[in-house]
Every structure is written in structure tokens, then in C-alpha cells.
Amino acid sequence: MTENERAEAGEPERPRDFIREIVEGDIRAGKNGGRVHTRFPPEPNGYLHIGHAKAISIDFGIAEEYGGLCNLRFDDTNPVKEETEYVEGMKHDIRWLGYDWGDRLFFASDYYEQLYTWAVELIRKGKAYVCDLSPDEVREYRGTLTEPGRESPYRNRSVEENLALFGRMRNGAFPDGSRTLRAKIDMAASNVNMRDPIMYRILHATHHRTGDAWCIYPTYDWAHGQSDSMEGITHSLCDLAYEIHRPLYDWFLEALGAHHPQQIEFARLNLTHTVLSKRKLIRIVRDGIVKGWDDPRMPTLCGLRRRGYTPEAIRTFCERIGVAKRDSVVDAGLLEHCLREDLNRRAPRVMAVLRPLRVVIENYPEGIVEQVEALNNPEDPAQGTRLLPFSRVLYIEQEDFREDPPKKFYRLAPGREVRLKHAYFIRCVDVVKDHAGEIRELRCTYDPQTMGGSSPDGREIKGTLHWVSADHALHAEVRLYSHLFSEPDPAKLEGEDLTQFLNPTSLQVLSDCRVEASLADAGPLQSYQFLRQGYFCTDPESRPNALVFNRSVALRDSWAKLEKAGG
RNA sequence: UGGGGCGUCGUCAAGCGGUAAGACACGGGACUUUGAAUCCCGCAUUCGUAGGUUCGAAUCCUACCGCCCCAGCCA
């Protein structure tokens with residue numbers, strides 16, 4: 001929705017950041033005829049992650065807010081790294097986030113011919129030349145950060161010779177790496193990117209879209225700005241890493257006299273307890289530290305989706321972190337908070353016992369099953385109620401019983417009374433142990449007067465436990481996930497072996513859980529709140545007779561905090 | 001070291017010369033048939049440091065300090 005619609009709907013205005021300020025200023029000044037047109041330009045060489053979600057939310061979000069358009073353009077200029085599979089995955093993830101590029105799906109490879117024509121034009125203008133230096137020589141000639149480079153001996157070839165050579169490059173007359181087309185700028189420039197940057201390299205490789213039509217491929221620098229220009233982009237928003245490339249971006253467009261979008265850079269996202277660099281994520285997958293790109297511990301969009309994250313939570317997160325130019329590391333807790341906030345409103349409540357402890361209600365008749373009514377979501381009464389079977393033998397959570405309860409523990413203990421959510425008050429009268437001294441079972445009594453969870457005498461019960469009827473509950477596997485890294489900022493530990501900072505308990509599999517029967521036909525990726533525990537979703541691997549749930553995020557747990565502080 | 005950026009609460013982040021928003025986290029309390037949610041309250045006399053300009057500075061100037069990025073025929 002636009003800012004106006006937002007204001008009319010009484011929604012808070014989106015915080016204005018420096019990019020929106022520039023865009024608004026341009027609109028006011030009538031630049032580009034008041035038009036706003038952005039683009040999201042991923043290279044199809046991997047999977048999108050939460051950092052890309054930030055960029056997507058900026059690119060698509062700004063266009064949407066100012067009544068403009070955002071293109072999806074794949075920056076596919078390197079045939080050896082890119083694959084169609086990634087293109088499809090990225091399109092899927094962007095749509096999943098809720099963004100739409102309409103009919104504006106483009107590829108840098110769509111522009112190869114125009115790029116070639118423009119390169120010829122620069123040669124004609126004496127602004128580009130074919131260079132025969134080898135890769136090593138190019139590096140040598142480039143100089144260093146503190147010393148100027150030297151001009152290539154091929155720098156002053158005639159236009160005719162350059163034209164002929166460039167034509168032969170295209171026609172496959174030369175082997176890989178033997179020649180390049182370079183912009184003729186300034187080998188003494190303090191910005192190394194301006195020291196005659198390479199525009200084309202020879203690569204006899206099959207491209208995922210153009211096949212073998214080309215054996216020379218444009219570099220990022222030569223392709224990106226010109227692609228933006230051809231699409232009529234007004235604001236080319238990108239990572240801070242490209243700030244140093246902006247003079248070159250501007251130089252090419254200036255030399256061509258073509259439509260000149262404004263490049264604006266913002267800081268990329270960093271998140272605590274994870275890494276977002278493609279290189280490191282690949283290692284994590286390849287080394288088998290996780291089970292794949294969509295492992296629920298991965299910060300990839302497919303991983304987050306499988307973890308139970310909703311597009312709404314991710315979009316809210318992207319709005320809250322803001323947009324600025326300083327390097328920062330956002331607390332992963334904020335992402336989790338956004339998920340809880342969204343799921344709290346939407347996820348139906350169900351009861352599931354992760355670590356079962358058998359409870360026998362001694363004074364409850366055998367063979368009787370009562371149906372108790374339970375609210376599906378107290379935050380949303382429209383979600384209705386359901387019936388839960390209650391019987392003589394139940395399961396409760398092991399951690400909800402303490403033989404020797406610490407102070408402020410108001411769950412079950414010998415002689416103590418607690419409420420079973422939606423059902424009765426029960427009192428523990430005996431603890432049954434095995435030969436090893438392990439607690440096997442609790443013997444309890446119930447108060448028939450307390451059906452529904454309250455007593456006629458109004459006696460106060462502080463503890464309320466979730467439970468499940470032993471005969472009616474379903475077996476399930478539950479996967480508990482937490483941070484991949486125990487180190488808050490693993491990205492900082494450059495050069496170190498990241499595996500030593502892994503969280504050894506980032507995945508805990510509980511295979512003997514019991515969940516209420518209503519979960520029997522839970523569809524894939526359905527989110528639930530397991531009462532008192534957290535938000536969980538059905539894993540895609542889940543089957544009716546082999547249920548599997550992923551913990552998306554735990555509920556806040558002030559008792560755990562209290563106990564930790566006290567003990 | 002040359003160049004380009006950036007430094008405001010534990011973490012993000014507003015602020016644009018008129019006397020430090022908000023969010024997360026954290027602490028305290030209320031409420032509670034989820035120790036959840038919700039609701040209150042608290043949480044930077046100070047803006048990397050030091051000078052200067054000004055009636056007045058986080059905002060302007062100067063110097064210094066710190067962090068990030070650039071020497072791929074990757075993007």
C-alpha cells in the first residue's frame with residue numbers, strides 16, 4: 001500500500017530512512033518525471049537468505065510505497081556459476097515473501113547483444129581497448145592500493161585494430177583468458193576499480209540461457225549499470241560493497257550518454273549466531289553441518305520457511321531493522337520476536353507432551369472417556385473450540401514434576417495440586433520409581449468438582465499444566481532447533497575454523513513425544529502453538545503415521561529465567 | 001599506507017542548530033485456566049575523543065581515534 005493508503009488506514013507511517021528521503025526528494029523535484037522504478041538483481045548462483053529478504057523488502061517495498069515498479073533481474077553474467085535451478089528457487093522465494101514483479105522478469109543475458117553494441121561504441125570513441133595481458137600480468141600492471149598502476153602496452157591500439165580484435169574475440173578466435181576488453185580510464189586512479197577495468201573476458205562456457213551463443217561474457221561492472229539503464233531504473237539500490245564501484249557505474253553511463261539511474265548503497269544485514277556469507281553457507285551445507293539448504297537451522301528463506309517462519313514475520317522484521325549505512329549485527333532475538341508476534345495471533349493452540357511422564361488418576365473410573373472443550377486460540381475466538389478426550393491415564397511433561405520442588409516452583413510435586421488445562425485439578429499422592437530410582441509414574445487423584453478448570457470453593461491454583469490422554473494421543477517426533485553458532489558474531493572470526501563455534505545442540509530430536517489427536521491430519525508447514533512450549537510446524541517429511549514437528553521458536557519462559565538466576 | 005564509507009543505549013535505529021523518538025533485549029509490577037499473551041513503570045544529563053564557532057551543537061568547523069570496504073578476466 002502507498003503511504004497515503006497507509007495513513008488512511010490509520011496505520012503508522014513507515015519510518016523514513018535515507019533512501020526514502022532521497023526518493024521523496026527526487027519525486028518532489030520531478031526527477032525522472034516523478035517515476036520510481038527499482039530492481040532486485042540477484043545472481044542465480046545459490047539460495048536467497050534473510051539478508052536478501054532485507055534487500056528485497058527495500059527494492060520492492062520502496063517501489064510499492066511510491067507507486068512505482070520493481071523488476072526482478074537475474075544478473076547472470078558468469079556462466080560457470082549460474083544455473084536455472086537457482087533462478088526457479090529464487091522466484092519461488094520472492095513470491096513466497098509476497099512480492100510481485102509482474103511481467104518484468106529480466107536477465108542480464110537478455111542484454112548481451114546491446115551490451116556488445118555499446119562496447120563497440122566505446123571502442124569507437126577510444127574509450128575501450130582489447131588487452132592481451134594475461135591474468136597475472138593484469139594484476140601486476142594494476143599496481144597496489146598505494147602505488148599507481150602501469151598502462152598496458154596494448155592500451156593505445158588503433159580503433160580499427162581494437163574493433164577487429166574484439167570481433168574475433170566474439171567469434172571464438174582466442175582461448176580463455178588470452179585477451180580482455182578494457183575500459184580506458186586511468187591507471188593512476190586512487191580508486192583501483194577505475195584502473196582500466198575489464199568489461200569482457202573470454203569464457204568458452206555454456207550459459208544457462210544463451211547456451212553456446214557467446215564465448216565472451218560481460219563483467220558485473222559492464223553489465224549492471226547498463227542493464228539498469230535499459231530497464232529505465234531510477235534508483236539502483238545495492239550493498240555498500242558496490243559503493244566503490246559507483247564512479248565506474250557513473251563513468252560508463254556518462255560515456256554512453258544513456259539513461260542514468262542513481263545508485264544508492266545501504267548496509268547489508270548481519271544476524272547474531274549465524275552467518276550470511278554465501279561462501280560460509282556453502283561450507284556449512286557441503287560439510288554436512290546441516291542437512292541441506294532448507295535445513296531449518298539455515299538462514300536461507302527455504303530454511304526459515306521449513307522452520308515455520310511466515311512471510312509476514314520476515315517482512316515485519318525487515319521493516320524494523322531499518323535501513324542505514326553503518327555496519328551492524330542485528331540481534332536474532334528480534335527475528336524471533338517478529339515470528340512470535342505473528343504466530344501468537346494466528347497459530348491454533350494444541351497440547352503436546354515432549355518428554356512424557358505417565359500419570360494415573362486413581363479415583364477416576366477406568367474405561368471412561370470424557371470430552372473437555374478447549375479454546376483453539378484465546379487471541380482469536382473466531383478460531384472456535386475443539387473437544388479433547390480425558391481419561392484415567394495421562395501424560396504430562398517430565399519437567400512439570402519435581403520430587404523436591406525449589407521455591408517458586410508451582411507445578412506438580414508430592415502432595416501438591418495443579419490444574420490440567422481445560423480439565424480438572426489433580427493432586428499427586430504417590431511417586432512410582434523403577435529399580436534404578438527413575439520416576440516411572442505418578443499416582444494422582446482428581447477433584448470431580450473442578451471440571452473445566454475452576455473449583456466451586458474458588459481455591460487458588462497457580463500451576464496449570466498441559467497434558468494428553470495416554471490412549472488417545474499420537475506418537476510424534478519433535479525437532480528442537482536453536483542457533484547454529486554459540487558465538488554471537490561468527491562472521492567476525494575471519495580466518496578461524498568456524499566449526500569450533502558451532503552450537504552442539506542446535507538440533508535435538510525427541511522421538512517419543514505425544515500429541516493430541518487433532519494433529520493427525522495436520523497439513524505440511526502448518527503452524528501451531530504447543531501450549532506452554534512454543535510454536536511448531538509440521539515438517540514436510542511428516543506423515544499421518546509418522547508425525548514430525550519442527551520447533552519454530554520457543555515461547556518466552558520466565559520460569560526458566562528465574563530458575564537459572566536463582567540456581 | 002592511497003581511496004571510499006561509517007561511528008547516537010547491550011543490539012538495531014530516529015534525530016537535518018533549539019536542548020536525545022521508537023523497537024528488541026533487560027529490570028520491576030499488574031493480570032492470568034499457557035510462569036505465554038496483554039498492560040503499566042524503569043532503562044543514554046548524553047551522542048568515538050579533544051578543541052573551536054554559537055545565546056544555544058548529536059547536529060557546523062578543525063584535529064585525532066576506531067571500525068568496515070577496494071588491489072577477481074566473481075557479483
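As a basis for the values below, the full set of heavy atoms in this structure was taken, side chains included, without hydrogen atoms, waters or symmetry mates.
An OP1 or OP2 oxygen of B:C70 is reached within less than 4.0 angstrom by no side-chain nitrogen or oxygen of A:Arg195. Look at A:Arg142 and you'll find a side-chain N or O under 4.0 angstrom from OP1 or OP2 of B:G72. Contact check, A:Lys561 against B:C26: a side-chain N or O comes under 4.0 Å of OP1 or OP2. At B:A75, one or more side-chain N or O atoms of A:Arg201 fall inside 4.0 Å of OP1 or OP2 (strictly under the cut-off). A:Arg345 has no side-chain polar atom (N or O) that falls below the 4.0 Å cut-off from OP1 or OP2 of B:A36. Look at A:Thr77 and you'll find a side-chain N or O under 4.0 angstrom from OP1 or OP2 of B:A75. Between B:C24 and A:His337, a contact under 4.0 Å exists linking OP1 or OP2 to a side-chain N or O.
Here B:A36 presents its P atom at 8 Å from CZ of A:Arg556, a figure rounded to the nearest Å. The nearest whole Å value for the distance from the CG atom in A:Asp221 to the C1' atom in B:A71 is 14 Å. Protein atom CZ of A:Arg20 is 18 Å distant from nucleotide atom C1' of B:C16, rounded to whole Å. We find that NZ of A:Lys421 is positioned 10 Å from C1' of B:A36, with the value rounded to whole Å. Residue A:Phe174 contributes atom CZ, which lies 19 Å from atom P of B:C73 at whole-angstrom precision. Atoms NZ (A:Lys81) and C1' (B:C73) sit 12 Å apart, rounded to a whole Å. Put simply, CG on A:Asp557 is 16 Å from C1' on B:A25, counting in whole angstrom units. One interatomic measurement links the two molecules: CD1 of A:Ile282 to P of B:C74, which rounds to 16 Å at whole-angstrom precision.
Atom C1' of B:A57 sits at a distance of 23 Å from the matching atom of B:G22, rounded to the whole Å. The gap from the P atom of B:G66 to that of B:U1 amounts to 9 Å, rounded to the nearest Å. Separation of the C1' atoms belonging to B:U19 and B:U54 is 14 Å when rounded to the nearest angstrom. Nucleotides B:U59 and B:C68 have their C1' atoms positioned 24 Å apart, rounded to a whole Å. Taking atom C1' on both nucleotides, B:A58 is separated from B:A14 by 12 Å, rounded to a whole Å. Taking atom C1' on both nucleotides, B:C70 is separated from B:C26 by 39 Å, rounded to a whole Å.
Taking the six-membered ring wherever Trp is involved, the centroid distance between the rings of A:Tyr200 and A:Phe166 falls below 6.0 Å. Separation of the A:Phe536 and A:Phe549 ring centroids does not fall under the 6.0 Å cut-off. Checked against a 6.0 Å centroid threshold, the rings of A:Trp467 and A:Phe390 count as neighbours. The aromatic ring centroids of A:Tyr47 and A:Tyr86 lie less than 6.0 Å from each other.
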Pairs: protein N or O with nucleotides 8-10 of chain B N or O, under 3.5 Å:
unit_1, atom_1, unit_2, atom_2, d
B:U8, O4, A:Arg326, NH2, 3.4

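Comparing B:G4, B:A71, B:C74 against the side chain of A:Ile244 picks out B:G4 as the nearest. You'll find that the side chain of A:Tyr220 is closest to B:A75, out of B:G3, B:C12, B:A75. Set against B:A75, B:C6, B:A23, the side chain of A:Asn78 has B:A75 as its closest nucleotide.
Base pairing of B:G2: its partner is B:C70, meeting the Watson-Crick or G-U wobble criterion (both donor-acceptor distances under 3.5 Å). In a base pair of the Watson-Crick type (N1 to N3 plus N6-O4 or O6-N4) or a G-U wobble (N1-O2 and O6-N3), with each distance short of 3.5 Å, B:G42 is matched with B:C26. Remark: B:U54 base-pairs with no nucleotide in the shown strands. Criterion, Watson-Crick or G-U wobble with two distances under 3.5 Å. Nucleotide B:G7: paired with B:C65 (Watson-Crick or G-U wobble, both distances less than 3.5 Å).
No hydrogens or angles were tested; on distance alone, a donor-acceptor pair under 3.5 Å links the side chain of A:Glu21 to the base of B:C16. No N or O donor and acceptor, one from the side chain of A:Glu379 and one from the base of B:U38, sit under 3.5 Å apart. Contact annotation: side chain of A:His245 to base of B:A75, donor-acceptor pair present below 3.5 Å.
Between the side chains of A:Arg386 and A:His422, no donor-acceptor pair of N or O atoms lies under 3.5 Å.
Between the side chain of A:Glu397 and the main chain of A:Leu354, a donor-acceptor pair closer than 3.5 Å is present.
For CZ of A:Arg168, the number of neighbouring non-hydrogen atoms (other residues, nucleotides, ligands) closer than 6.0 Å is 12 at most. When the shell of 6.0 Å around NZ of A:Lys280 is examined, it contains more than 12 heavy atoms from other residues, nucleotides or ligands.
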* Asked: side-chain contact (heavy atoms from CB on, under 4.5 Å) between A:Cys444 and A:Leu412: does it pass, once the steps are laid out?
  -> CA-CA 10 Å; A:Cys444 296; A:Leu412 202 56; 4.2 Å; yes
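Ring orientation note: the planes of A:Tyr217 and A:His207 are close to parallel, at an angle under 30° on the 30°/60° scale.
Because its glycosidic torsion is within 90° of 0, B:G72 is reported here as syn.
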